[in-house]
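Only one structure is covered here, and it is reproduced in the block below.
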Amino acid sequence: MDLFRIEGGRQLRGSVQVGGAKNAALPIFAATLLTGETCRIRNVPDLSDIRFMARMLAHLGARVEKVDAHTYEIEAGEVHHRAPYELVRQMRASVCLLGPLVGRLRKAEISLPGGCVIGPRPIDLHLKGLRRLGCEVAVRNGYVEVEGAGLRGDYLYLGGRHGSTVTGTANMIMAAVLAPGTTRIESAACEPEIEDLCHFLRKMGARIEGLGSHYLKITGVDRLRGCDHSVLPDRIEAGTLILAGAITGGEITVREVIPGHMRALLDALESAEIPFESDPEQRLVRVLPQDKSRRPVEIITLPHPGFPTDLQAQMMAVMALTPGLSFFTERIYPNRFMHVPELLRMGADISMEGPSAVVRGSDRLFGAPVMASDLRASASLVLAGLAGEGTTYIRRIYHLDRGYEQLEIRLQQLGAVVERVDEEAIRDELGEW
Ligand code: EPZ
C-alpha cells in the first residue's frame with residue numbers, strides 16, 4: 001500500500017498547471033450516454049475516479065477509448081440501463097448515471113450509493129426531481145428503479161436542507177434535455193462544473209438557458225449528437241495548490257485557472273491577509289510570500305458561490321498555523337471534520353463546538369504518522385506535512401489519488417520533499433505505527 005513521506009519546513013516556489021475538473025468530467029462522461037454518436041472529451045484529469053467512470057460506461061455497453069492520458073472518446077451506441085452495486089459502491093458519483101439513462105432509455109436501475117466518511121449521501125432530491133418529471137421511481141433491494149415512459153418537462157424545485165444539490169442538478173438536466181416539453185429548475189446548483197456540463201450538453205444540441213444561475217430552463221429535443229469538449233480547470237485542485245503555497249509561506253503560480261471560479265477562496269485569503277495576485281486574462285492566480293503574520297478567519301461552507309466545502313479541510317490546515325482563533329462551520333457536510341483528529345496528532349489546537357471547529361493557531365506543527373480518510377482531508381494532511389517540522393507519513397493515499405493527479409510530482413516541482421513509497425519497503429522506519 002502506498003503512502004506519502006514528506007519532509008516539511010520548505011517554502012514552495014514555482015509555477016504549476018492545473019488539470020481538468022474531476023467534478024465536471026464525471027457528469028460529462030455520464031452525459032455521453034445521451035447519444036449514440038461519438039463524443040471526444042479533452043483535458044480530462046487522469047484520476048482513479050475517472051478511470052472508474054470509464055469502466056462503468058463500458059459496463060453499460062459504451063465504447064470507451066482512452067486516446068491519451070487526458071483525452072477520451074466515448075460512443076454509447078447500444079447501452080443497457082443497470083448499474084450494479086459492486087460497481088456503484090466504489091464511487092458515489094455513479095449516481096449521476098441516473099439522469100442520462102432515463103433521458104436516453106426511459107429506464108434506469110442503479111444501486112443506492114450508500115454513505116461515505118464525510119457523511120450520509122442521500123439522493124432524495126434526485127428521486128423527487130425524477131418523479132416531478134413524470135417518472136415512476138421505486139427503491140427496492142438497495143436499488144433505485146426508474147420507469148420513465150411518462151418522462152416529460154415540468155417545473156421542479158431542487159433545494160434541500162443543505163441548499164442545492166450538485167449531482168442532483170446534473171441528473172435533472174440530463175433527464176430533461178430529451179424530455180418532451182419544457183423543464184424549469186428552481187434552486188439549481190450553479191457550481192462551475194454544472195455550467196461546464198451545460199456547455200457540453202449545448203454542444204450536443206441541447207437547449208438550456210440560465211447557465212451559471214440557480215434557475216435553468218430546458219426545452220426538450222428529440223435527439224442529441226456527439227461533440228468535442230475540453231473540461232474546465234479544476235478550481236479545487238487550484239485552491240489546494242494555492243493553499244500549499246500559503247501554508248509554507250512561499251510563492252506559487254497556478255496556471256490555466258479561472259479566477260472567477262475561485263472568488264470565495266480569494267476572499268478568504270484577503271481576510272487572512274495572505275497576499276496574492278490573480279489575472280483572468282492570463283488565467284492565473286499567484287500566492288505571494290508573506291511579510292507579516294496571517295490573520296484568523298471565519299469560514300462557513302455554502303453552495304457556490306459560497307466557500308466550497310471541498311476546500312474547508314485545506315484552509316483549516318493553513319489556519320492551524322495562523323495566530324488567533326479561526327472558526328469553520330460546515331453547512332454542506334456537517335461531519336466533514338475527519339482531518340481534525342489527524343491534524344491534532346501534528347500539534348494543531350482544534351476543538352469541535354457543535355457544527356463548528358474552533359482552530360487556535362499554533363506557531364509550529366510537527367511531522368507525524370497520520371491516516372488519510374477522504375479525498376480532501378488527505379489534501380489537508382499533505383499541506384500540514386509540508387509546513388510541519390520533521391517527517392510526516394500519510395497512509396491510505398489512495399484517497400488522494402481519487403482527486404489529485406500525481407500530486408507528489410507537482411509538489412516536487414515546487415520544491416517540496418515528498419515521495420510516494422511502498423509501506424512495506426519502509427516497515428522498519430515506520431516502527432510499530
Ligand atoms: C458534489 O457532491 C461533489 N462531487 C462533492 O465533491 C462536493 O463536496 C459536493 O458536490 C458539494 O459541493 C461531485 O461532483 C462528484 P450535493 P454531491 O448533492 O453532488 C445534501 C469531492 O471532494 N443532499 O451537492 O453528492 C447532501 O447530503 C466531492 O470532490 C440531500 O440532502 O453533493 C449534502 O449535505 C466530495 N439530498 C448537500 O445536500 C439529495 O438528494 C450537498 O450535496 C442530495 C444532496
Side-chain angles (χ1 to χ4, degrees), residues 19-31 45 47-50 52-53 56 88 90-99 110 112-132 137 139 144 156-174 187-197 214 231-232 234-240 261 264 301-314 329-336 338-339 355 372-380 399-405:
K22 164 178 82 81
N23 290 349
L26 291 172
I28 285 171
F29 268 43
L47 303 169
S48 53
D49 270 10
I50 297 293
F52 179 78
M53 181 59 97
M56 177 69 89
V88 172
Q90 298 177 53
M91 186 180 71
R92 263 197 24 74
S94 311
V95 71
C96 64
L97 295 165
L98 262 180
I110 294 202
L112 281 167
C116 68
V117 289
I118 63 178
R121 306 293 289 273
I123 60 169
D124 55 301
L125 296 172
H126 301 234
L127 307 187
K128 170 187 166 189
L130 288 172
R131 289 188 177 107
R132 281 291 301 177
V137 180
V139 176
V144 174
L156 59 103
Y157 176 78
L158 261 189
R161 50 192 169 283
H162 296 281
S164 47
T165 163
V166 175
T167 43
T169 302
N171 265 332
M172 293 313 105
I173 295 169
M174 293 190 281
S187 191
C190 64
E191 270 69 3
E193 293 75 26
I194 292 296
E195 199 175 339
D196 202 39
L197 168 66
H214 288 295
V231 175
L232 90 165
D234 191 325
R235 61 195 169 102
I236 303 302
E237 182 189 36
T240 304
H261 291 166
T301 64
L302 289 167
H304 192 76
F307 191 93
T309 176
D310 292 350
L311 285 175
Q312 177 259 111
Q314 300 92 310
T329 304
E330 257 293 345
R331 291 263 189 272
I332 306 296
Y333 298 115
N335 305 333
R336 196 174 199 172
M338 303 294 289
H339 43 291
S373 56
D374 69 277
L375 171 50
R376 308 306 175 179
S378 318
S380 169
H399 290 292
L400 207 63
D401 294 335
R402 294 188 50 201
Y404 295 94
E405 185 178 335

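Quick note: residue numbers are just sequence positions, from 1. Whatever order the structure lists ligands and atoms in, that order sets their numbers, starting from 1.
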Query - Within-shell test, Arg336 vs ligand 1, heavy atom, strictly < 4.0 Å - result: yes
Requested in this report: With heavy atoms of Ala93 as the reference, note each atom of ligand 1 found under 4.0 Å away.
Outcome: 15 (C)
Requested in this report: Looking only at non-hydrogen atoms, find the nearest pair between Pro303 and Gly163 and report the distance.
Outcome: CG-CA, 4.2 Å
Report summary line: Per-atom filter on ligand 1: closer than 4.0 angstrom to a heavy atom of Leu375 are 22 (O), 29 (O)
**Report entry** For Lys22, atoms of ligand 1 separated by under 4.0 Å from a heavy atom
**Finding:** 21 (C), 29 (O)
Report summary line: Closest heavy-atom pair, Leu400 versus Ala379, reported as atoms and distance to 0.1 Å, is CD1-N, 3.6 Å
Query - Identity and separation of the nearest protein heavy atom to atom 11 (C) of ligand 1 - result: Thr309 CG2, 3.9 Å
**Report entry** Options Thr167, Asp310, Thr165, ranked by nearest heavy atom to atom 7 (C) of ligand 1, top entry
**Finding:** Asp310
Query - Closest approach of Gly159 to Ser187 (non-hydrogen atoms, all atoms of both residues) - result: CA-OG, 3.3 Å
Query raised in the report: Which residue holds the protein heavy atom closest to atom 38 (O) of ligand 1, what is that atom called, and what is the gap in Å?
Result: His162 CB, 3.8 Å
Report summary line: The closest protein heavy-atom partner of atom 36 (N) of ligand 1 is Asp124 OD1, 2.7 Å
Query raised in the report: Is there a heavy atom in Ala189 that sits closer than 4.0 Å to ligand 1?
Result: no
Query raised in the report: If you measure from CE on Met53 to CD1 on Ile28, what distance do you get to the nearest 0.5 Å?
Result: 11.0 Å
Requested in this report: Tell me yes or no: between the side chains of His126 and Asn171, is some donor less than 3.5 Å from an acceptor?
Outcome: yes
Query raised in the report: What part of Val95 sits under 4.0 Å from ligand 1 if we count only heavy atoms: the side chain, the backbone, both or neither?
Result: neither
**Report entry** Sub-3.5 Å N/O-N/O distance, Val166 and ligand 1
**Finding:** yes
Query raised in the report: Mind checking whether Leu125 has an N or O less than 3.5 Å away from an N or O of ligand 1?
Result: yes
Query raised in the report: What atoms of ligand 1 come closer than 4.0 angstrom to any heavy atom of His126?
Result: 40 (O)
Requested in this report: For Arg92 and ligand 1, answer yes if some heavy atom of the residue is under 4.0 Å from a ligand atom, otherwise no.
Outcome: yes
Query raised in the report: Does Asp310 reach the main-chain N or O of Ile236 with its side chain, forming a donor-acceptor pair under 3.5 Å?
Result: no
**Report entry** For Ile123, the ligand 1 atoms whose distance to one of its heavy atoms is below 4.0 Å
**Finding:** 39 (C), 40 (O)
Query raised in the report: What is the closest protein heavy atom to atom 3 (C) of ligand 1, and at what distance does it sit?
Result: Asn23 ND2, 3.6 Å
Report task. Around atom 42 (O) of ligand 1, find the nearest protein heavy atom and jot down its residue, atom name and distance. Result -> Tyr333 OH, 3.8 Å
Report task. Within a distance under 4.0 Å of any heavy atom of Arg376, pick out the atoms of ligand 1 and give their elements. Result -> 21 (C), 22 (O), 29 (O)
Query raised in the report: For atom 34 (O) of ligand 1, what's the nearest protein heavy atom and its distance?
Result: Ile332 O, 2.5 Å
Query raised in the report: Can you tell me the protein heavy atom closest to atom 27 (O) of ligand 1 and the distance?
Result: Pro122 CD, 3.3 Å
Query raised in the report: By ring-ring contact (aromatic ring centres under 6.0 Å, His included), which residues pair with Phe29, not counting sequence neighbours?
Result: Tyr72
Query raised in the report: Do Glu330 and Thr301 get their side chains close enough for a donor-acceptor pair, meaning under 3.5 Å?
Result: yes
Query raised in the report: Do Arg376 and Tyr333 meet the criterion of a side-chain donor-acceptor pair at a distance under 3.5 Å?
Result: no
Requested in this report: State plainly whether the residues Glu193 and Lys22 are in salt-bridge range, i.e. N to O under 4.0 Å.
Outcome: no
Query raised in the report: Applying a strict 4.0 Å limit to heavy atoms, is Arg402 in contact with ligand 1?
Result: no
**Report entry** Given Arg132, Lys128, Met172, the one that forms side-chain contact (heavy atoms from CB on, under 4.5 Å) with Leu158
**Finding:** Met172
Query raised in the report: Do Thr240 and Gln314 have side-chain atoms, one donor and one acceptor, less than 3.5 Å apart?
Result: yes
Query raised in the report: Does any N or O in the side chain of Arg402 come within less than 3.5 Å of the main-chain N or O of Leu47, such that one atom is a donor and the other an acceptor?
Result: no
